[in-house]
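Structure first, commentary second.
Basis for what follows: all heavy atoms, side chains included, without hydrogens, waters or symmetry-related copies.
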Amino acid sequence: MEVAELWRYPVKSLRGESVAEVDLTELGIDGDRLVHAVRPGGRVFTARTHERLLGLQGGLAEDGAPTIDGLPWNDPAALRLVREATELDSELVFYDGAGPQRFDVLPISVATDGGVAAVGVDRRRFRANVYLDGVEGLAERGFVGRALRVGEAVVGVRQVRGRCVMTTFDPDTLEQDISVLQKIYFELGGVTALDCFVLEPGRVQVGDRAELLDWWTLPRPAAASGRASR
């Protein structure tokens, strides 16, 4: 197996950016999902209910600050774009912690070429952080409970990821095709790609080797803190 693509999503639910190398930390890819659009009460907007967010481009400036369509995330013009895609009273907030408002499930999502081929769509629909080539069919499902070395880092595979309506939107046109999610549910049990903890931080580059390792466990103290170990 090898790392085929790496993606980060500096603004939650916006388009991500493909990168050649990343630093993988306990909180996932450095620069991932740092800014969120929220309601006045603090609840996060996502493209599950406001798909027009997927039409905005998230990024990082040279100084590491998140951007929206090339604008600084805290620029009033960026907020106007987000409000047009969500609601008029939405706000943008910066959050680099580990709470569920940042990551829907776990800090890292891994997709494989075999799993993507089983659905038969553009791999970007799965919004994974790491895409691996060299995995046959649905072999990724046998990775659950195992550690996976990618470049210098090691992740622990917790589960095959449940999929949602976001997979139904074309990443370029935003045209919806509900049959994509129907296929995932009726033929693949509603799941594809992998939710992962970061067991050992490290640098990962496109082209790096990926290797399936031994089983890993999540000690009780680590489970309470969201940290894993091998």
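One side chain, Thr168 or Gln176, offers a donor N or O that lies under 3.5 Å from an acceptor on the other. Between the side chains of Asp195 and Gln159, at least one donor N or O lies within less than 3.5 Å of an accepting N or O.
The closest side-chain heavy-atom distance from Phe103 to Ile108 is not below 4.5 Å. Counting heavy atoms from C-beta on, the side chains of Leu199 and Trp216 come closer than 4.5 Å. At least one side-chain heavy atom of Val154 sits under 4.5 Å from a side-chain heavy atom of Leu213. By the 4.5 Å heavy-atom criterion applied to side chains, Val105 and Arg161 are counted as neighbours. Contact of the Asn129 side chain with the Glu5 side chain is not registered, since no non-hydrogen atoms from C-beta on lie closer than 4.5 Å. Side-chain contact between Val121 and Phe126: present, with at least one pair of heavy atoms (C-beta onward) separated by less than 4.5 Å. Residues Glu26 and Pro107 are not in side-chain contact: their nearest non-hydrogen atoms beyond the backbone lie 4.5 Å or more apart. Proximity of Leu132 to Val150: side-chain heavy atoms (C-beta onward) are separated by under 4.5 Å at one or more points.
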Arg163 vs Val191, side-chain contact (heavy atoms from CB on, under 4.5 Å): CA-CA, chis, key distance, verdict:
CA-CA 6 Å; Arg163 307 313 310 198; Val191 296; 5.7 Å; no
One pair to check against salt bridge (Lys or Arg N to Asp or Glu O under 4.0 Å): Arg127 and Asp104. What are the steps and the verdict?
CA-CA 12 Å; Arg127 295 177 62 83; Asp104 290 341; over 6 Å; no
Are Val155 and Phe143 close enough, and set up right, to give a side-chain contact (heavy atoms from CB on, under 4.5 Å), and what steps lead you there?
CA-CA 11 Å; Val155 301; Phe143 295 3; over 6 Å; no
Go through Arg39 and Glu91 one step at a time and tell me if the salt bridge (Lys or Arg N to Asp or Glu O under 4.0 Å) criterion holds.
CA-CA 7 Å; Arg39 295 173 171 84; Glu91 296 291 343; over 6 Å; no
Given Val144 and Arg158, is the side-chain contact (heavy atoms from CB on, under 4.5 Å) satisfied, shown in steps?
CA-CA 6 Å; Val144 175; Arg158 178 180 179 184; over 6 Å; no
Begin with the C-alpha distance, continue with both residues' side-chain angles, and end with the deciding distance and a verdict on side-chain contact (heavy atoms from CB on, under 4.5 Å) for Leu148 and Met1.
CA-CA 11 Å; Leu148 180 67; Met1 297 182 290; 3.8 Å; yes
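Clustering ILVMFWY residues whenever any of their side-chain heavy atoms sit less than 4.5 angstrom apart, transitively, puts Leu53 in the very cluster that holds Leu81. There is no path of hydrophobic side-chain contacts, each under 4.5 Å, that joins Val93 to Leu56. Cluster membership for Leu92 and Val44, using ILVMFWY side-chain heavy atoms within less than 4.5 angstrom, is not shared. Note: the hydrophobic cluster containing Val135 also contains Val160 (ILVMFWY, side chain heavy atoms under 4.5 Å, direct or indirect links). Cluster annotation: Val206 and Val19 are assigned to the same hydrophobic cluster (Ile/Leu/Val/Met/Phe/Trp/Tyr, side-chain heavy-atom contacts under 4.5 Å, transitive).
With Tyr185 contributing its side chain and Val180 its backbone, the two residues share no donor-acceptor pair below 3.5 Å. Judged by distance alone, with hydrogens and angles left aside, the side-chain atoms of Thr25 form a donor-acceptor pair with the main-chain N or O of Gly28 at under 3.5 Å. With hydrogens and angles disregarded, a donor-acceptor distance shorter than 3.5 Å links the side chain of Asp113 to the backbone of Gly134. With Thr86 contributing its side chain and Val82 its backbone, the two residues share a donor-acceptor pair below 3.5 Å. Of the possible donor and acceptor atoms, one in the side chain of Arg15 sits under 3.5 Å from a partner among the backbone N and O of Asp172. With hydrogens and angles ignored, the 3.5 Å screen pairs a side-chain donor or acceptor of Tyr131 with a backbone N or O of Arg123. Between the Tyr9 side chain and the Ala128 main chain, a donor and an acceptor come within less than 3.5 Å of each other. In terms of modelled atom types and a separation under 3.5 Å, the side chain of Asp23 and the main chain of Asp30 share no donor-acceptor contact. At distances below 3.5 Å, at least one donor-acceptor pair connects side-chain atoms of Arg102 with backbone N or O atoms of Asp32. Remark: the backbone N or O of Asp170 is not paired with any side-chain donor or acceptor of Arg124 at under 3.5 angstrom.
Heavy atoms only, all atoms of each residue included: Ile29 and Leu24 are closest at CG1-CD1, 3.6 Å. Looking at every heavy atom in both residues, Glu140 comes nearest to Ala193 through OE2-N, 2.8 Å. Taking each heavy atom of Val11 and Pro66 in turn, the nearest pair found is CG2-CB, 4.4 Å. Contact detail for Leu138 and Gly115: the closest heavy-atom pair is CD2-CA, 4.4 Å. Considering every non-hydrogen atom in both Ala153 and Val204, the closest pair reads CB-CG2, 4.0 Å. Contact detail for Leu60 and Gly31: the closest heavy-atom pair is CD1-CA, 4.0 Å.
Annotation for Leu88: atom CG does not count as buried by contact number, only 12 or fewer foreign heavy atoms lying within 6.0 Å.
Arg149 has no carboxylate O lying under 4.0 Å from a charged side-chain N of Asp208, or vice versa, which leaves the two without a salt bridge.
Here CZ of Arg52 is found 12.0 Å from CG of Leu14. Values are rounded to the nearest 0.5 Å. A distance of 15.0 Å separates CD1 in Ile178 from NZ in Lys183, rounded to the nearest 0.5 Å. Put simply, CZ on Arg48 and OG on Ser13 are 6.5 Å apart, with the number rounded to the nearest 0.5 Å. From Leu181, atom CG reaches atom CZ of Phe186 across 9.0 Å, with rounding to the nearest 0.5 Å. Here the CZ-CG distance, from Arg146 to Leu212, works out to 4.0 Å after rounding to the nearest 0.5 Å.
Every residue was checked against the salt bridge (Lys or Arg N to Asp or Glu O under 4.0 Å) condition with Glu84, not counting sequence neighbours, and none meets it.
Of the residues Leu106, Val110, Leu194, the one that meets the side chain to side chain contact (heavy atoms under 4.5 Å, CB included) test with Val157 is Leu194.
Each ring pair (Phe, Tyr, Trp, His ring centres under 6.0 Å) pair with one or both residues in residues 35-85, not counting sequence neighbours, appears once here: Phe45-His50.
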